[in-house]
Amino acid sequence: FTSALSPRRSNSMKKEKATDGGAARKWLLIPLSALAAAFLINFFIIVNARVPSGSMRPTVPENSAVLGLRTSYAFSPPERGDIVFFKRSDISSALLIKRIVALPGETFEMRGGRVFINGEELREDYVSEFSSEDIAPITLPDDAYIILGDDRLNSSDSRAWDDPFVRRGDIKAKALFVYLPRFSSLG
């Protein structure tokens with residue numbers, strides 16, 4: 001009588017073990033899928049960065065956390081006033097953040113610290129203190145931008161670099177908002 005039940009019991013135990021293994025795989029698949037999704041979103045869709053310097057004060061305070069969108073320029077070019085994340089390997093290995101002030105084909109110059117585009121002064125309400133420098137007129141190539149920090153007295157930007165241009169291919173994302181230490185929209 002006992003021998004007749006043994007095979008059934010054995011098959012039942014095998015099924016339980018197989019079912020337990022499937023459940024464990026499912027539970028493992030959930031966090032692995034979440035990690036893969038987070039990686040793909042961070043690598044292809046968003047930029048999540050901490051800004052260590054104060055070069056964008058007062059718009060982006062020092063040590064702020066900023067979120068940007070990598071796909072912002074998939075169908076339209078960057079615009080004047082956009083705050084962008086970009087990479088210039090000749091300057092830094094890290095992503096940098098600054099504001100676009102001059103666009104491809106325009107003539108950029110500075111007089112007494114004020115920006116002029118095609119001879120017209122650019123209104124820059126986001127700058128709290130201007131520098132006093134002069135920069136002779138420069139006409140930008142087709143794929144190039146001039147970028148400046150909002151804190152003109154404490155920013156290393158197009159004014160200081162041997163090659164003042166940030167190429168379209170170097171722009172990685174448009175900054176959308178600061179979320180730490182306090183939330184504020186950037187665009």
Side-chain angles (χ1 to χ4, degrees), residues 35-110 114-127 135 137-152 154-180 182-187:
L35 283 172
F39 173 79
L40 291 173
I41 288 169
N42 196 42
F43 195 75
F44 293 108
I45 299 173
I46 66 166
V47 168
N48 182 16
R50 176 133 341 242
V51 179
S53 79
S55 70
M56 286 298 294
R57 277 182 296 205
T59 311
V60 180
E62 192 171 0
N63 294 316
S64 292
V66 179
L67 194 70
L69 188 60
R70 292 182 188 274
T71 58
S72 289
Y73 302 122
F75 302 106
S76 61
E79 298 176 5
R80 183 182 346 282
D82 287 355
I83 297 173
V84 296
F85 288 101
F86 65 97
K87 196 162 203 166
R88 288 265 312 255
S89 57
D90 60 323
I91 297 165
S92 173
S93 60
L95 279 177
L96 303 170
I97 184 171
K98 305 283 183 207
R99 186 183 300 271
I100 293 175
V101 296
L103 305 172
E106 294 182 334
T107 300
F108 164 86
E109 68 179 298
M110 289 185 82
R114 304 289 177 150
V115 171
F116 288 78
I117 303 297
N118 299 327
E120 298 288 323
E121 185 175 353
L122 180 63
R123 183 175 174 190
E124 297 183 283
D125 296 334
Y126 44 82
V127 177
I135 296 176
I138 308 168
T139 300
L140 282 69
D142 286 341
D143 69 336
Y145 298 83
I146 293 285
I147 55 97
L148 300 176
D150 288 358
D151 185 349
R152 297 291 160 77
N154 297 299
S155 178
S156 175
D157 49 37
S158 288
R159 300 169 297 163
W161 304 329
D162 290 337
D163 175 6
F165 306 120
V166 173
R167 307 292 176 181
R168 172 64 188 90
D170 294 333
I171 297 174
K172 304 304 179 191
K174 179 179 180 178
L176 298 178
F177 57 85
V178 174
Y179 65 91
L180 287 175
R182 65 183 183 350
F183 182 86
S184 64
S185 177
L186 297 174

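Every value quoted in this text rests on a predicted model; they were computed, and no experiment measured them. Any value given below was found using the heavy atoms of this structure, including those in side chains, with hydrogens, waters and symmetry copies removed. Along the sequence shown, the residues carry numbers beginning at 1.
Remark: E120 engages no residue in a side-chain contact (heavy atoms from CB on, under 4.5 Å) (not counting sequence neighbours). Take R168 and apply the side-chain hydrogen bond (donor to acceptor under 3.5 Å, both in side chains) test, not counting sequence neighbours, and it matches no residue. Scanning for side-chain hydrogen bond (donor to acceptor under 3.5 Å, both in side chains) contacts around T71 gives an empty result, with sequence neighbours left out. A search for ring pair (Phe, Tyr, Trp, His ring centres under 6.0 Å) contacts involving Y126 returns nothing, not counting sequence neighbours.
To the nearest 0.5 angstrom, D82 atom CG is 10.0 Å from L176 atom CG. Distance check, rounded to the nearest 0.5 Å: CD1 of I100 to OG of S158 gives 10.0 Å. In this structure, the separation between CZ on F116 and CD on E121 is 4.5 Å, given to the nearest 0.5 Å. For the atom pair CD1 (I146) and NZ (K98), the distance works out to 13.5 Å, reported to the nearest 0.5 Å.
Applying the salt bridge (charged side-chain N to carboxylate O under 4.0 Å, His left out) test to every pair with at least one member in residues 65-80, sequence neighbours left out, gives these pairs: R80-E106.
Atom CG of D142 has 12 or fewer heavy atoms from other residues, nucleotides or ligands within 6.0 Å.
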query = Can F108 and I117 be said to form a side chain to side chain contact (heavy atoms under 4.5 Å, CB included), step by step?
reply = CA-CA 5 Å; F108 164 86; I117 303 297; 4.1 Å; yes
request  = Before giving the answer on side chain to side chain contact (heavy atoms under 4.5 Å, CB included), spell out for L103 and L140 the whole-Å C-alpha distance, their side-chain angles and the decisive distance to 0.1 Å.
outcome  = CA-CA 7 Å; L103 305 172; L140 282 69; 5.8 Å; no
key: Worked check of salt bridge (charged side-chain N to carboxylate O under 4.0 Å, His left out) between R152 and E124   = CA-CA 11 Å; R152 297 291 160 77; E124 297 183 283; 2.5 Å; yes
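Not a single donor-acceptor pair under 3.5 Å links the side chain of R167 to the backbone N or O of R88. Between the T107 side chain and the N118 main chain, no donor and acceptor come within less than 3.5 Å of each other. A distance-only check finds a donor-acceptor pair linking the side chain of S92 to the backbone of A94 [under 3.5 Å]. Checking side-chain atoms of K174 against main-chain N and O of G68 turns up no donor-acceptor pair under 3.5 Å.
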For residues 43-54, tabulate all N or O donor-acceptor pairs below 3.5 Å that involve a side-chain atom, not counting sequence neighbours.
| from | atom 1 | to | atom 2 | distance (Å) |
| --- | --- | --- | --- | --- |
| N48 | OD1 | Y179 | OH | 2.5 |
| N48 | ND2 | Y179 | OH | 3.4 |
| R50 | NH1 | N63 | O | 2.6 |
| S53 | OG | S55 | N | 3.4 |
| S53 | OG | S55 | OG | 3.3 |

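Tested against I147 for a side chain to side chain contact (heavy atoms under 4.5 Å, CB included), the candidates V101, V166, I83 yield a single pass: V166.
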